[in-house]
Novice: 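Structure provided below as structure tokens; questions to follow.
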Amino acid sequence: MPDTLSIATWNINSVRLRIDLVLRFLAEQQPDVLCLQETKCPNDLFPHSAFEKAGYRHRAIAGIKGYNGVAILSKRPIEPIEARNMCDKPDARHISARIGTGAKAVTVHNFYVPAGGDIADPDENPKFAHKLAFVEELKRFSDASRTDDPRAILVGDLNIAPLEHDVWSHKKLLDVVSHTPVETTGLLEVIAAGDWVDAMRVLKPEPEKVYSWWSYRSPDWETRDLGRRLDHVWLGKGLGAGLQSGQIFRETRGWERPSDHVPVLVTLALD
DNA sequence: ATGGTGGTTAGACCA
């Protein structure tokens, strides 16, 4: 086993519609592992053979019809662990797998946190209540993971931009779902509970602006640049010191028929 | 204050 691991996360917004974009990214960057969210693909319709041909012969998937769905694609052997029912719902928002063996093995957890709807009030908006409950569950998960599994990696579309410079305007977005205080505080508490290392923010500390998502609804996304950092790669306590590099593939937002999210790729040493 | 653009799948629902 090589002593580095490169792992990417990407909300693809339909893996079948955008299979060519995923294959292009894999061909160009060759990450060891790619975690997808919003595959929107039932398990029996997952495009296994396309990934097989691309060299991603090891996969763990959890999909349902129409919504959500997560997948872990790997060039190296993996052992699927579980697809958790977060908030007691079988709605395909988590999948995990073990990569490698022995002392260098790591556990990858791929999460898709609920977007939370438009109204930032849990009493008025059940989707926002669901999101807050999901974050609370992530807190308990992280607290347990910190002690049980220091070689864990948590990635995914967490649908929260926790820091001031994770959004184009902190003040203007304070009451916009994804950057409200209850969400940003909650996500920072998840990080604290797990002692997670926020990989991209180690490499690009505040106040640099870092985004991974630009709304479909905003025309001229590139010049206006009204982005948010919703996609994250967190390293467990035993892996944080190995962080080597990270990259956000903003250019994919300009590809034909793009996802509204772009890939985030992190490379780390495993020893 | 509002509406703006996408995907799934067949009328809404979700982002």
Side-chain angles (χ1 to χ4, degrees), chain A residues 9-25 35-47 50 61-71 85-87 89-95 110-122 124-135 138 155-162 166-169 171-180 183 187 211-232 249-264:
Chain A
T9 180
W10 194 4
N11 178 319
I12 195 58
N13 189 16
S14 175
V15 68
R16 284 175 289 172
L17 188 71
R18 294 188 225 287
I19 185 70
D20 291 343
L21 279 69
V22 187
L23 294 176
R24 177 176 170 187
F25 174 72
C35 297
L36 296 173
Q37 304 86 34
E38 277 206 276
T39 54
K40 296 186 173 177
C41 182
N43 288 337
D44 54 343
L45 296 178
F46 194 83
I61 64 171
I64 54 173
K65 186 177 172 181
Y67 312 102
N68 307 340
V70 286
N85 288 342
M86 298 294 290
C87 301
K89 298 174 198 288
D91 60 353
R93 291 182 179 275
H94 166 269
I95 191 157
N110 178 12
F111 282 102
Y112 176 47
V113 174
D118 290 329
I119 301 162
D121 178 350
E124 230 180 293
N125 172 12
K127 291 181 199 168
F128 196 69
H130 179 205
K131 184 177 198 174
L132 296 184
F134 199 109
V135 169
L138 273 184
V155 310
D157 174 5
L158 306 184
N159 266 316
I160 296 172
D166 289 340
V167 293
W168 62 277
S169 168
K171 282 185 184 169
K172 287 199 169 94
L173 289 176
L174 273 172
D175 57 357
V176 174
V177 171
S178 74
H179 194 64
T180 64
E183 293 170 87
L187 202 68
Y211 309 140
S212 66
W213 174 89
W214 294 261
S215 173
Y216 284 128
R217 299 179 193 181
S218 166
D220 308 318
W221 72 272
E222 191 160 25
T223 47
R224 296 180 73 198
D225 203 19
L226 308 179
R228 304 178 203 171
R229 187 172 74 107
L230 304 180
D231 302 275
H232 302 271
F249 290 88
R250 183 186 167 104
E251 61 268 31
T252 67
R253 186 63 178 78
W255 288 358
E256 198 180 335
R257 285 251 254 172
S259 169
D260 45 355
H261 296 252
V262 304
V264 179

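In what follows, every chain begins at residue 1, and chains take the letters A, B, ... in the order their sequences are listed.
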Novice: Rounded to the nearest Å, what distance is computed from the NZ atom of residue A/Lys172 to the C1' atom of nucleotide B/dA1?
Specialist: 15 Å
Novice: Specify the separation, in whole Å, of atom CD1 of A/Ile19 and atom P of B/dG7.
Specialist: 15 Å
Novice: Any side-chain N or O of A/Ser215 under 4.0 Å from OP1/OP2 of B/dG4?
Specialist: no
Novice: Which comes earlier along DNA chain B counting from the 5' end, the contact point of A/Pro42 or that of A/Ser218, where each point is its nearest nucleotide?
Specialist: A/Ser218
Novice: Whole angstrom is fine here: how far is it from CG in A/Asp260 over to C1' in B/dT8?
Specialist: 15 Å
Novice: May I ask you to decide if the ring planes of A/Phe111 and A/His94 are parallel, tilted or perpendicular, using 30° and 60° as cut-offs?
Specialist: tilted
Novice: Counting only side-chain N and O atoms of A/Arg257, is one of them less than 4.0 Å from OP1 or OP2 of B/dG7?
Specialist: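 So the side chain of A/Arg257 is within the cut-off, an N or O lying under 4.0 Å from OP1 or OP2 of B/dG7.
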Novice: Starting from P on B/dC14, measure out to NZ on A/Lys131 and report it in whole angstrom.
Specialist: 15 Å
Novice: Whole Å only: how far is the CD1 atom of A/Ile12 from the P atom of B/dA15?
Specialist: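 Rounding to the nearest Å, CD1 of A/Ile12 and P of B/dA15 are 18 Å apart.
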Novice: For residues A/Glu183 and A/Val177, report the shortest heavy-atom separation together with the two atoms involved.
Specialist: OE2-CA, 3.5 Å
Novice: B/dA15 C1' sits how many Å from A/Leu158 CG, rounded?
Specialist: 16 Å
Novice: Roughly how many Å is it from NE2 in A/His130 to P in B/dC14, rounded to a whole number?
Specialist: 12 Å
Novice: If you measure from the Lys or Arg side-chain nitrogens to the Asp or Glu carboxylate oxygens, is any gap between A/Arg253 and A/Asp225 under 4.0 Å?
Specialist: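 Salt bridge: no.
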Novice: Under the rule for side-chain contact (heavy atoms from CB on, under 4.5 Å), what residues qualify as partners of A/Arg257, not counting sequence neighbours?
Specialist: A/Leu17, A/Arg18
Novice: Taking only N and O in the side chain of A/Arg217, is any of them less than 4.0 Å away from OP1 or OP2 of B/dA15?
Specialist: no
Novice: On the 0 to 90° scale, with breaks at 30° and 60°, tag the A/Trp255-A/Trp10 ring pair as parallel, tilted or perpendicular.
Specialist: perpendicular
Novice: Using Watson-Crick and G-U wobble pairs whose two distances are both under 3.5 Å, how do you write the pairing of DNA chain B as dot-bracket, with | for links to another strand?
Specialist: ....((((...))))
Novice: Determine yes or no for a side-chain-to-main-chain donor-acceptor pair under 3.5 angstrom, with A/Gln37 supplying the side chain and A/Asn11 the backbone.
Specialist: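 Present.
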Novice: In whole angstrom, give the distance that lies between atom CZ of A/Arg18 and atom P of B/dG6.
Specialist: 10 Å
Novice: Answer with base, sugar-phosphate or nothing: what part of the nucleic acid does A/Arg93 contact at a heavy-atom distance below 4.0 Å?
Specialist: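 The answer is sugar-phosphate, as A/Arg93 gets under 4.0 Å only of primed atoms, P, OP1 or OP2.
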Novice: What residues form a salt bridge (Lys or Arg N to Asp or Glu O under 4.0 Å) with A/Asp91, not counting sequence neighbours?
Specialist: A/Arg93
Novice: Tell me, which of residues 63-71 of chain A have any heavy atom that sits under 4.0 Å from an atom in DNA chain B?
Specialist: A/Lys65, A/Gly66, A/Tyr67
Novice: Provide the distance between the two P atoms, one in B/dT2 and one in B/dG6, to the nearest whole Å.
Specialist: 23 Å
Novice: Decide yes or no for A/Asp118 and A/Phe128: does some side-chain heavy atom of the first lie under 4.5 Å from some side-chain heavy atom of the second?
Specialist: no
Novice: Would you mind telling me which residue lines up with the more 5' stretch of DNA chain B, A/Val15 or A/Pro219, judged by nearest nucleotide?
Specialist: A/Pro219
Novice: List the residues meeting side-chain hydrogen bond (donor to acceptor under 3.5 Å, both in side chains) with A/Trp221, not counting sequence neighbours, and say none if there are none.
Specialist: none
Novice: Could you work out the separation of B/dA15 and B/dG4 based on their C1' atoms and round it to a whole Å?
Specialist: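 That atom pair is separated by 14 Å.
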Novice: Could you pull out all residues at least two apart from A/Arg228 that satisfy side-chain hydrogen bond (donor to acceptor under 3.5 Å, both in side chains)?
Specialist: A/Ser178
